[in-house]
Number of protein chains: 2
Amino acid sequence: MSIQTQIDPAQEPSATQRAYLAIRRMILIGELPPGEKLKIERLRTILDMGGSPIREALTLLVSDLLVERLDQRGFRTAEISPQNFSEILNLRCHLEKMALRESLTNADHAWEDKLVISHHRMMREPRTNVEPFEALHKAFHMNLLSACHSPVLLKFCNQLYDLNIRYRYLAGKALNYSKRDIGKEHTDIMNAAVDRDADKACHLLLDHYRNTGAFLEKHFVTEAAE
Amino acid sequence: MSIQTQIDPAQEPSATQRAYLAIRRMILIGELPPGEKLKIERLRTILDMGGSPIREALTLLVSDLLVERLDQRGFRTAEISPQNFSEILNLRCHLEKMALRESLTNADHAWEDKLVISHHRMMREPRTNVEPFEALHKAFHMNLLSACHSPVLLKFCNQLYDLNIRYRYLAGKALNYSKRDIGKEHTDIMNAAVDRDADKACHLLLDHYRNTGAFLEKHFVTEAAE
DNA sequence: ATATCCAATAATATCGATTTTCTGCTCGGT
DNA sequence: ACCGAGCAGAAAATCGATATTATTGGATAT
């Protein structure tokens with residue numbers, strides 16, 4: 001068995017899997033705007049496959065809250081709203097706090113290594129490569145929580161993360177965090193985590209989220225006023 | 001337009017919907033035991049429909065954590081474990097506490113009426129009618145939270161509730177809450193909620209869950225030892 | 001002019017058949 | 001006797017076609 005096979009056990013992802021990832025990406029980055037009707041026929045031609053895997057992928061996305069199903073009337077991308085945004089933010093803060101505390105309780109050396117590596121990778125990626133950077137950013141945040149032994153909680157955090165990042169993409173270039181040093185915020189969070197200082201790490205993490213949230217909310221208001 | 005149409009807008013549920021409800025029920029009540037292979041062909045004959053709605057229903061159940069998908073190898077019902085059980089219980093306590101507090105903040109008269117009605121309906125249903133009683137029991141608990149303005153949080157609570165009730169069914173007849181007066185516990189919770197005493201209501205609710213949880217956990221241990 | 005009904009159209013939901021992938025077993029080699 | 005390659009048989013995944021169901025635009029009656 002080659003190393004290649006070990007690294008890539010899913011040689012050829014199923015059509016459903018491909019469709020799921022492709023549609024999910026299009027929704028997250030805003031290529032499919034909120035409320036957009038998702039016609040099977042159109043997606044079929046774009047992704048070049050039959051209707052069944054498309055429908056299955058959309059069904060998976062319904063549970064991620066990225067797609068809404070209208071009985072007998074097909075699918076559409078989830079709507080956005082300021083209420084929904086602040087709901088996501090608030091829930092995220094609560095759940096990630098729980099997860100982070102639990103994670104720090106169980107944290108071992110292997111976890112610490114993973115965390116440092118993902119931090120490093122994130123820092124070296126230019127923020128202008130938006131999609132690659134965001135992937136590494138998410139990896140860093142999820143690694144923080146990864147020693148938490150509650151798969152369900154982690155799943156929720158992961159879901160909420162994606163819902164939030166969608167708003168980030170939608171706000172798009174309009175965002176410039178001029179007054180903040182995001183890099184330092186991440187480093188501080190990591191250091192507190194490595195020190196197993198749960199109170200400090202939680203405090204820093206939530207501030208990090210709330211600051212970003214405030215930025216986005218402001219942007220929301222501005223846009224709505226236009 | 002007749003009243004009938006208004007009351008029952010979904011005259012004939014789609015095959016997917018029917019399959020979803022039927023399979024979900026079979027898993028919750030333990031008719032499909034944990035870890036069971038879910039063959040499409042078999043479900044097709046049982047539910048008398050094509051493979052597509054079955055697959056879609058199963059996909060929906062994956063997101064409910066009641067079914068696991070094995071890439072290219074079909075579906076099976078979710079496994080159970082003591083770890084999973086206590087994880088569910090713990091998360092449930094945290095999330096329902098949040099939801100209940102928020103709900104009591106927003107609670108109005110209409111909410112109060114709904115709560116009282118659902119409590120009454122639950123109390124008058126004999127506990128020996130297991131499935132109808134459980135439906136009313138769930139309705140009561142969800143009504144407690146229903147004034148909470150966070151759809152996502154409510155969705156999570158709902159999901160966790162179902163995961164938990166599955167364990168309850170699996171433990172089955174073995175359960176007798178001889179030493180407890182479940183009826184009184186519910187009434188006390190309701191009264192605290194009606195009084196908008198959030199601290200008391202949360203305290204009572206969590207005790208209610210944790211007591212049941214301890215019962216079930218004991219049962220788990222006993223069964224594992226057999 | 002407006003609302004209502006109907007027909008044509010478009011899209012979804014579902015089915016049956018086909019293709020692909022897995023699984024267990026047999027057979028030959030060591 | 002044990003291990004692994006190769007071969008059915010079973011099951012899953014996917015496709016293309018059909019049956020159902022919504023939607024739209026226009027004709028008719030008020």
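What you see is a predicted model, and the numbers here were worked out from it, not measured in a lab. Order of the sequence lines sets the chain letters (A, B, ...), proteins ahead of strands, with each chain counted from 1.
- Applying a 4.0 Å cut-off to non-hydrogen atoms, none of the residues of residues 15-25 of chain A approaches DNA chain C.
- As rounded to whole Å, 15 Å separates atom P of dA22(D) from atom CZ of Arg76(A).
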- Evaluation steps, side chain to side chain donor-acceptor pair (under 3.5 Å), between His94(B) and His94(A): CA-CA 9 Å; His94(B) 277 281; His94(A) 277 280; over 6 Å; no

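- In this structure, the side-chain hydrogen bond (donor to acceptor under 3.5 Å, both in side chains) partners of Tyr209(B), at least two apart in sequence or on a different chain, are Glu96(B), His141(B).
- Closest approach of Gly51(B) and Arg44(B) over heavy atoms only: N-CD, 3.8 Å.
- Side-chain contact check for Met142(A) versus Lys138(A): some heavy-atom pair is nearer than 4.5 Å.
- For the pair Glu56(B) CD and dC15(C) P, the computed distance is 11 Å after rounding to whole Å.
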- Using a 4.0 Å heavy-atom cut-off, write out nucleotides 6-12 of chain D from 5' to 3' as B (base contacted by protein), S (sugar-phosphate only) or - (no contact). -----SS

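- Atom CG of Leu47(A) and atom C1' of dA13(D) are 16 Å apart (whole Å).
- Taking Arg25(B) as the reference, Glu131(B) meet the side-chain hydrogen bond (donor to acceptor under 3.5 Å, both in side chains) condition, with sequence neighbours excluded.
- The CD1-P distance, from Ile54(B) to dA13(D), rounds to 13 Å in whole Å.
- Every residue meeting the side-chain hydrogen bond (donor to acceptor under 3.5 Å, both in side chains) condition with Glu87(A), not counting sequence neighbours, appears here in chain and number order: Ser150(B).
- Residues meeting the side-chain hydrogen bond (donor to acceptor under 3.5 Å, both in side chains) test with Arg24(A), sequence neighbours left out: Asp162(A).
- A salt bridge links Glu56(A) with Arg55(B); the closest basic N to acidic carboxylate O contact falls under 4.0 Å.
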